[in-house]
Amino acid sequence: MTSIIVLESTLTCPTCGHVATETMPTDACIWFYDCAGCGTKLKPKHGDCCVFCSYGDVACPPIQAGGRDACCG
């Protein structure tokens, strides 16, 4: 059985609470993201590979497909 990879994740800024739905790349990690609400530059929390894994409601595609050891972080 093949799992469906979700390509959109809703990021929530920990500073101002602004939410934005973004399309995640399948071939790269996004290490920085500028909040459109307050301008805070988000970066992954310690142990996470990207901003989607830290602040999104869906983990990045490599993590979805292969678990924590599958990503580039």
Side-chain angles (χ1 to χ4, degrees):
M1 182 176 206
T2 305
S3 299
I4 295 174
I5 302 296
V6 178
L7 296 178
E8 287 193 340
S9 184
T10 300
L11 296 165
T12 302
C13 177
T15 303
C16 73
H18 179 71
V19 296
T21 300
E22 301 289 346
T23 301
M24 298 180 282
T26 58
D27 60 349
C29 289
I30 301 298
W31 289 310
F32 300 105
Y33 179 84
D34 292 323
C35 174
C38 68
T40 296
K41 183 178 289 291
L42 304 180
K43 61 181 185 176
K45 294 177 184 175
H46 180 72
D48 285 343
C49 64
C50 67
V51 294
F52 294 107
C53 290
S54 292
Y55 305 104
D57 63 345
V58 176
C60 69
I63 296 294
Q64 291 179 57
R68 296 219 52 84
D69 295 329
C71 202
C72 49

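We count residues from 1, following the sequence as given.
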**Asked** Who passes salt bridge (Lys or Arg N to Asp or Glu O under 4.0 Å) against D34, sequence neighbours left out?
**Response**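 Here the qualifying residues are K41.
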Minimum side-chain heavy-atom gap [X]-[Y] below 4.5 Å:
| X | Y | value |
| --- | --- | --- |
| T21 | V19 | no |
| V6 | Q64 | yes |
| C49 | I63 | yes |

**Request:** Output the rest of the hydrophobic cluster of I5: all Ile, Leu, Val, Met, Phe, Trp and Tyr residues reachable through side-chain heavy-atom contacts under 4.5 Å, sorted by chain and number.
**Result:**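 Joined to I5, directly or through intermediates: L7.
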What's the shortest heavy-atom distance between [X] and [Y], and which atoms?
| X | Y | value |
| --- | --- | --- |
| M24 | C60 | SD-CA, 3.6 Å |
| C16 | C13 | N-SG, 3.5 Å |
| F52 | S9 | CD2-CB, 3.7 Å |
| G37 | H18 | N-CD2, 3.6 Å |

**Request:** Mind checking the SG-CG spacing from C53 to D48? Nearest 0.5 Å is all I need.
**Result:**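 Reported to 0.5 Å precision, the distance equals 5.5 Å.
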**Value rounded to 0.5 Å, distance of CG in L42 from CD1 in I30** =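 Between L42 CG and I30 CD1, I get 12.5 Å after rounding to 0.5 Å.
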**Message:** Test your reading of the model: is there a side-chain donor-acceptor pair from D57 to the backbone of T10, 3.5 Å cut-off?
**Reply:**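 Indeed, once roles are kept as given, a pair shorter than 3.5 Å links the two residues.
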**Message:** Could you work out, with side chain to side chain donor-acceptor pair (under 3.5 Å) as the rule, every residue matching E22, not counting sequence neighbours?
**Reply:**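 Residues passing side chain to side chain donor-acceptor pair (under 3.5 Å) with E22: Y33.
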